[in-house]
Amino acid sequence: MYAPAGVMTNHNEFPIPDRQRAWVLGGPGELVFTEKTVPVPRKAEVLVRIDAVAICATDLDVIYHGPPAMIEGGLPFNKNFTPGHEYMGTVVALGPGVDEYDIGTRVAVEIHAGCGQCKRCREGMYTSCHNYGLNYGDVDKGHRANGFTTDGGFGEYQVNNINTLVKIPDAMSDEEGTLVVTAGTAMYALTELGGLVAGESVCVTGPGPIGLMAVAVAKALGAQPVILTGTRDNRLQIGKELGADAVVNIRKTPDVVAEVKKLNGGKGVDYVVECSAASGAVNDAVHMVNRGGRVCLAAFPHEGDVPVDVAHIVRNNIYLYGIRGEGKSATHRAEAFMQQKRFDATKIHTHTFALDDLPTAIRYAKDRVEDAIKVVVKAKMDDVRKQAAE
Ligand SMILES: [Zn+2]
Ligand SMILES: [Zn+2]
């Protein structure tokens with residue numbers, strides 16, 4: 001029975017085994033379902049029973065290529081590392097001195113617990129921690145980014161710093177709970193752009209999960225008009241349902257920049273949130289904004305070496321921001337919108353699989369099988385399935 005010294009548990013209501021089932025990354029693209037010990041929360045940490053975890057494009061980067069994951073200063077392969085970062089669950093054990101959360105509280109979890117001591121962490125920019133990945137040996141600064149620099153959510157239990165927890169209401173489903181971080185990333189993009197977007201025009205480029213949440217959050221913040229561009233009509237339709245005033249299918253539109261300008265009365269928009277990672281997207285974005293406008297790059301492009309009209313940026317006083325993840329407690333603000341049902345994030349959840357079916361879930365996410373957008377994996381579904389088989 002799991003009973004580490006100084007850790008508070010409630011085995012009657014939330015029994016915790018000593019060992020858990022978890023996926024571990026072998027070589028590139030190689031996941032093995034195995035057993036691991038259940039980790040022990042330290043000071044300012046809790047143990048979370050993972051009830052659901054969503055698959056993100058960045059998980060695919062980690063599993064097939066390695067970065068941005070960094071384990072013990074290097075690539076994450078063959079290090080007994082468990083990926084997965086967009087998870088939610090239930091607090092089931094409290095580390096020494098933790099009184100901020102009760103056992104049984106349902107939580108969404110942010111990915112990054114920065115070191116808490118560097119310049120950026122102290123500014124609330126913990127996703128830009130200067131001690132990223134330094135959490136081992138004699139360079140241990142206590143940094144955690146679950147699924148990137150520490151074990152993540154493709155298992156049954158994980159420890160989390162209390163700073164990464166966001167309480168969610170009982171009315172919110174497990175699946176929706178995994179989307180709090182996705183919406184939080186969109187909220188961080190709009191936060192970094194200035195936050196006050198009521199009445200301002202916003203164009204979101206790329207209707208992936210973050211782009212669709214950017215539409216929803218921008219609309220909830222009062223932006224007008226909100227324009228969404230992309231290549232897939234089904235996703236653009238979901239964008240409309242989440243609040244886009246206009247959508248542009250760039251495959252059917254020869255000049256997307258001109259079209260976006262036209263949709264906003266001939267001038268460019270005030271803000272662009274770039275979520276497509278397409279190679280020409282940055283240059284398009286700086287031409288979509290009006291003079292003095294702002295562009296936030298919220299997608300990790302695979303090719304970073306792309307031509308951008310720098311003279312246009314300078315002449316027009318355009319601001320260009322890059323963001324990492326979901327800093328400045330943006331996740332809490334996103335959750336507040338979701339709790340108040342200001343938008344229905346579940347529109348982007350398309351599939352759920354059992355934890356032991358993770359490879360199928362990854363295939364659905366990677367190849368967009370059946371128009372998959374957000375694919376979720378649940379450990380408890382294994383039990384449901386087992387009962388059905390008996
Ligand atoms: Zn992610
Ligand atoms: Zn830091």
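A quick note: this is a predicted structure, and the numbers were derived from the prediction, not measured. Counting starts at 1 for both ligands and their atoms, following the listed order. Quick note: numbers below take in every heavy atom, side chains included, and nothing from hydrogens, waters or symmetry partners.
- Excluding water, every protein N/O/S atom under 2.8 Å from the Zn ion (ligand 1) is given here by residue and atom: Cys56 SG, His85 NE2, Glu86 OE2.
- For Lys378 and Asp51, the salt-bridge test fails: no basic side-chain N is under 4.0 Å from an acidic carboxylate O.
- Within the structure, salt bridge (Lys or Arg N to Asp or Glu O under 4.0 Å) contacts touching residues 234-244 (residues at least two apart or in different chains) are Glu241-Lys347.
- For Arg122, the CZ atom counts as loosely surrounded, since its 6.0 Å shell holds 12 or fewer non-hydrogen atoms of other residues, nucleotides or ligands.
- Rounding to the nearest 0.5 Å places CZ of Arg368 at 9.5 Å from CG of Asn234.
- Residues Tyr364 and Phe353 place their aromatic rings such that the two centres sit under 6.0 Å apart.
- Ring centers of His112 and Tyr126: at least 6.0 Å apart, outside the cut-off.
- The shortest heavy-atom contact between Ala69 and Gly147 is CB-O, 4.4 Å.
- The Zn ion (ligand 2) lies under 2.8 Å from an N, O or S atom belonging to Cys118.
- Here Cys115 meets the criterion, with an N, O or S atom under 2.8 Å of the Zn ion (ligand 2).
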